[in-house]
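For ligands, and for the atoms within them, numbers begin at 1 and follow the listed sequence. The structure presented is a predicted model; accordingly, all values stated were derived computationally and were not measured.
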Amino acid sequence: MDSNEIADRIAREFVSEHNHLSVEPLGEGLINDTFLVATAQPGGARFVLQRINRRVFPEPRLIMENLRVLLNHVRERQAGSDRIRDLRLPDIRPTSAGSGFWVDDEGDFWRALSFIPETRSHSVLRDAAQAEEVGYALGRFHALTSDLDPGSLHDTLPGFHIAPQHLARFDRAVADGIKVSETAELRFALNFVDARRPVFAVLEGAKLPLRVIHGDPKLNNVLFDANSGRAAALIDLDTVKPGLVHYDLGDCLRSCCNRSGETAECAANVRFDLDICRAILQAYFAEAGAFLTDIERYYLYDAIRLLPLELGLRFLTDHLEGDRYFKVEYPGQNLQRALVQFRLAESVESQEKLIRQLVYESA
Ligand code: GN1
Ligand code: MG
């Protein structure tokens, strides 16, 4: 049975009437398998069905517990707010038996979330107005969770964004002997990491406060209202856990300020766009500026430099390990993805002075 057929069967656990369902793959996620399910009758329910990747998330139940804690907190905060428009997060859709998830015969973990209609996602940012919407979405998310105790959330993915641990794993992969072809691109990538070893420890070496983070606030996890173009929702909440706001800001900027996209075919053209960066930071600080401390602001440049480097290192390591973590469409894709992120990091480095100044003016 292929994934679509399995999804079709599992989807029935989340509906009470066993009518005809349409099940289609959804989105561009690199880890979980995601489907959009629609019931046949007009105006019938639509929802998002996901199989959680167990190799990445060893304890999917913890993800659902975190999601419940997060949603309860945010709903309570929003109930007390007088905003007409506010950031939306997807709801959990229980199975018809009332459970929050379904475990299939293979032991795979499935869960369903509400589908947020009339919205669009983008994998490349169009303009500064869209960038402001992204900044608003991340800032509002941090503001809404700023009074949620990070200790009330599980660490669903230990080591995620702990860059020195990614470096150690990379070193182990290299020490095991390089089993992929040693092209000029691979040599370049290995040297690129080697030349930047001290950078990987900068955030972990600083004394920065743990807060609630999204963990994966890349551009296509922001949903834009299809009519107004305003940011409507933030999705993909599996990596919500305790962490540094730096991981989120760095990741959001590496995703949005690279206007060639993560899948750029020619890494040489990749640039870090300062106008987009400015628009995101200004809108972010308008929402979330109040609670960030001076030391957190000080380390923002380091985060903007580190996050593309870290993701590049993760892609490169996966290439060396045989593409076991990120889904690939062709052999060598993880190396190409790494080169794009490294070029982006290089572009950040070459604009360090301007970026520091921009952070200082916006924060
Ligand atoms: C993965 O599955 P997806 O696309 O939401 C990854 C992120 C990366 C991203 C790069 C749990 O997210 O860390 O930034 O790919 N998620 C995990 O596109 O590793
Ligand atoms: Mg994700």
Side-chain angles (χ1 to χ4, degrees), residues 3 25-35 48-60 62-64 66-67 70 89-90 109 111 113 121-125 134 137-138 141 153-163 165-166 169-170 213-223 233-244 246-258 260-264 267 270 303-304 306-319 321 323-329 333-345:
S3 279
L26 178 69
E28 297 163 2
L30 300 183
I31 310 286
N32 296 328
D33 297 315
T34 307
F35 304 88
V48 176
L49 179 67
Q50 285 187 303
R51 173 167 51 194
I52 306 292
N53 183 330
R54 274 190 296 162
R55 213 150 35 166
V56 173
F57 296 105
E59 295 192 76
L62 302 187
I63 294 180
M64 298 311 283
N66 278 3
L67 193 51
L70 172 79
L89 303 176
F109 190 101
R111 59 96 194 272
L113 300 171
S121 68
H122 304 286
S123 45
V124 175
L125 209 118
V134 174
L138 185 60
F141 179 83
L153 297 174
H154 303 287
D155 189 348
T156 46
L157 200 50
F160 189 53
H161 292 314
I162 310 290
Q165 288 191 25
H166 290 297
R169 181 165 180 166
F170 163 79
I213 61 158
H214 178 282
D216 188 12
K218 58 179 182 178
L219 175 60
N220 60 16
N221 284 334
V222 176
L223 298 185
L234 195 56
I235 58 168
D236 192 0
L237 305 170
D238 299 336
T239 47
V240 169
K241 63 191 201 95
L244 307 181
H246 300 74
Y247 305 150
D248 274 357
L249 272 164
D251 196 64
C252 182
L253 292 168
R254 69 131 200 99
S255 161
C256 295
C257 299
N258 164 14
S260 310
E262 242 174 63
T263 55
V270 172
I304 297 171
L306 177 59
L307 269 285
L309 204 53
E310 175 193 288
L311 183 59
L313 176 73
R314 294 172 61 207
F315 284 140
L316 177 60
T317 305
D318 200 31
H319 175 67
E321 290 180 343
D323 304 323
R324 290 183 302 182
Y325 188 99
F326 297 104
K327 291 179 191 168
V328 288
E329 283 154 13
Q333 188 175 15
N334 274 320
L335 175 58
Q336 176 59 23
R337 286 172 176 153
L339 294 173
V340 169
Q341 296 303 316
F342 290 160
R343 174 64 204 122
L344 188 63

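- When only interatomic distances are considered, the shortest N/O to N/O separation between R254 and ligand 1 falls below 3.5 Å.
- Proximity of a side-chain donor or acceptor of T34 to a complementary backbone N or O of Q50 within less than 3.5 Å is not detected.
- In this structure a side-chain-to-backbone donor-acceptor pair under 3.5 Å is present from H161 to G215.
- Not one N or O on the side chain of N221 forms a donor-acceptor pair closer than 3.5 Å with the backbone of D236.
- When hydrogens are left out, the protein atom nearest atom 12 (O) of ligand 1 is D216 OD2, 3.2 Å; that is the closest non-hydrogen contact.
- In this structure, a donor-acceptor pair under 3.5 Å is present between the side chains of N220 and E28.
- Annotation: E262 places an N or O atom under 3.5 Å from an N or O atom of ligand 1; distance criterion only.
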Report task. Starting from the C-alpha separation in whole Å, work towards a yes-or-no answer on side-chain hydrogen bond (donor to acceptor under 3.5 Å, both in side chains) for N32 and N53. Result -> CA-CA 5 Å; N32 296 328; N53 183 330; 5.5 Å; no

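- Given atom 17 (C) of ligand 1, the protein heavy atom at minimum distance is Y325 OH, 3.4 Å.
- Considering both main-chain and side-chain atoms, K218 comes within under 3.5 Å of ligand 1 through a nitrogen or oxygen pair.
- Closest heavy-atom approach to atom 6 (C) of ligand 1 within the set Y247, F326, F57: this belongs to F326.
- Taking any N or O of T239, backbone or side chain, none lies under 3.5 Å from an N or O belonging to ligand 1.
- The shortest N or O to N or O distance between L30 and ligand 1 is under 3.5 Å.
- Looking at atom 8 (C) of ligand 1, its nearest protein heavy atom turns out to be L311 CD1, 3.9 Å.
- Protein nitrogen, oxygen and sulfur atoms, that is N, O or S, within less than 2.8 Å of the Mg ion (ligand 2) amount to 2.
- Within the structure, ligand 1 lacks D238 among the residues with a heavy atom less than 4.0 angstrom away.
- Between K218 and E262 there is a side-chain heavy-atom pair separated by less than 4.5 Å.
- Minimum heavy-atom separation, I31 to K327: O-CE, 3.8 Å.
- One N or O on the side chain of R55 and one on the backbone of R324 form a donor-acceptor pair closer than 3.5 Å.
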Query raised in the report: What's the verdict on side-chain hydrogen bond (donor to acceptor under 3.5 Å, both in side chains) for R343 and S260, showing C-alpha distance, side-chain angles and the deciding distance?
Result: CA-CA 11 Å; R343 174 64 204 122; S260 310; over 6 Å; no

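- For the pair V240/I213, no side-chain contact is recorded, criterion being any heavy-atom separation below 4.5 Å from C-beta on.
- Heavy-atom separations between R314 and ligand 1 include at least one value shorter than 4.0 Å.
- When each of F141, F160, Y247 is checked for a ring-ring contact (aromatic ring centres under 6.0 Å, His included) with H214, only F141 meets the rule.
- Considering both main-chain and side-chain atoms, I31 comes within under 3.5 Å of ligand 1 through a nitrogen or oxygen pair.
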